[in-house]
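What you see is a predicted model, and the numbers here were worked out from it, not measured in a lab. FYI, side chains are in, hydrogens and waters are out, and symmetry mates aren't considered; it's all heavy atoms of this structure. Protein chains get the first letters and strands the later ones, always in sequence-line order, with residue 1 at the start of each.
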Protein chains: 2
Amino acid sequence: MTRDDKTDLMTIRQMCDAYDVTPRTLRFYEAKELLNPIRQGTRRLFTRRDRARLALILRGKRFGFSLEDIRQTLDLYDREGGISAQRQKAYELAVKRLAEMEAQRAELDLAITELKAELAEAEAQGLVPRHAA
Amino acid sequence: MTRDDKTDLMTIRQMCDAYDVTPRTLRFYEAKELLNPIRQGTRRLFTRRDRARLALILRGKRFGFSLEDIRQTLDLYDREGGISAQRQKAYELAVKRLAEMEAQRAELDLAITELKAELAEAEAQGLVPRHAA
DNA sequence: CGTTACGCTGACGTTAACGTCAACCTGTCT
DNA sequence: AGACAGGTTGACGTTAACGTCAGCGTAACG
């Protein structure tokens, strides 16, 4: 609706270059309703909203969430839209996701500590670190 | 070799109950050389080592590592075995994994912060948290 | 000795998340 | 006009990580 929406559009290739994904991936995400680029004729044009969502998708994936998991929470990030049932659901899901992420963080901390200890132990046993000081 | 190795064995079902996995999963992991239970006749008996490895496998999965990724670093955790080329490689890989995990933690922290802000924003907009104080 | 429980080995099926390929349109540069 | 770059839609292939099922063995129980 704003002026930006008209100027701030990207082709599929620009998206691919910017986010290091393939066209196939973007089309796939659209099919799965994670993105919905507008059409100029038959071609896709990705909006600022699409890009924000894509960034969240890629991040979510790095944390091990499935695309379906991600899809269900994406709506939370949509400003304008008020208090739809959609957003209400997204909110509740997001609260769960937050808990999962905090649990994951705790476990990650533990794992990092343990792995460091294991590496130290290995070094003590004689495994020579290549780039040792 | 120690006395424990003889007493401290578990059947496949005990393993399944203890770690909440299916028999299929354990056999699959064995086929992929992530575990190698001893055999009593045709049946599998899982050692303490298998259990340690399984715990690491499940943890690794939670962090989004592939079984192949995990397999390549598991050797690091094998005490006895000295300084084989295997362990040397595992060590180097583990150093990389550590870096990945620390990066992941940093991103996770950021994501948690952002998600919290987003939730706060949503609440401010009128999305009512169910269990609000 | 039958059967019930537990386990084993193939072998094929399934789901997620894309990759790959063919066949087609379309703007534009020469 | 020709051709080339860039995009599109199916449709089928692929990989990881198992699920499922059939057919078989065997140990213990009643």
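- When rounded to the nearest whole Å, the span between CD of B:Q72 and C1' of D:dA16 equals 15 Å.
- Side-chain contact of A:E100 with A:Q104: a donor-acceptor pair under 3.5 Å is absent, judged by distance alone.
- Whole-Å rounding puts the A:F65 CZ to C:dA16 C1' distance at 17 Å.
- A:Y29 has no side-chain polar atom (N or O) that falls below the 4.0 Å cut-off from OP1 or OP2 of C:dA17.
- Counting any heavy atom pair closer than 4.0 Å across all strands shown, A:R27 reaches a base atom.
- What separates CG of A:L54 from C1' of C:dA17 is a distance of 14 Å, to the nearest Å.
- Ranked by how close their nearest DNA chain C nucleotide is to the 5' end, B:F46 and A:R24 are led by B:F46.
- Taking the charged nitrogens against the carboxylate oxygens, A:R97 and A:E102 have no contact shorter than 4.0 Å, which rules out a salt bridge.
- In the set C:dC18, D:dT8, C:dT9, the nucleotide with an atom closest to the side chain of B:R44 is C:dT9.
- Contact between the side-chain N/O atoms of B:T22 and the OP1/OP2 oxygens of D:dC18 is not found at any separation under 4.0 Å.
- Toward the 5′ end of DNA chain D lies the nearest nucleotide of B:K61, the other residue of the pair B:R43 and B:K61 mapping further downstream.
- Ion pairing between A:R105 and B:E107 fails under the 4.0 Å rule for side-chain N and carboxylate O.
- When the P atom of C:dA16 is taken as reference, atom CZ of A:R71 falls 12 Å away, rounded to whole Å.
- When the C1' atom of D:dG7 is taken as reference, atom CD of A:Q40 falls 11 Å away, rounded to whole Å.
- By the 4.0 Å N-to-carboxylate-O rule, B:K89 lies too far from B:D75 to be salt-bridged with it.
- Protein atom CG of B:L58 is 13 Å distant from nucleotide atom P of D:dA17, rounded to whole Å.
- Between B:T25 and A:P23, the residue anchored closer to the 5' end of DNA chain D is A:P23, taking for each the nucleotide with the nearest heavy atom.
- In this model, the phosphate group of D:dG6 is not approached by any side-chain N or O of A:T11 to a distance below 4.0 Å at OP1 or OP2.
- Each of D:dG7, D:dC18, C:dC8 was ranked by its minimum atom distance to the side chain of B:F28; first place goes to D:dC18.
- Between the CD atom of B:E68 and the P atom of D:dC18 there is a distance of 14 Å, rounded to whole Å.
- Between the side chains of B:R49 and B:N36, at least one donor N or O lies within less than 3.5 Å of an accepting N or O.
- One can place CG of B:L26 at 13 Å from C1' of D:dA17, the figure rounded to the nearest angstrom.
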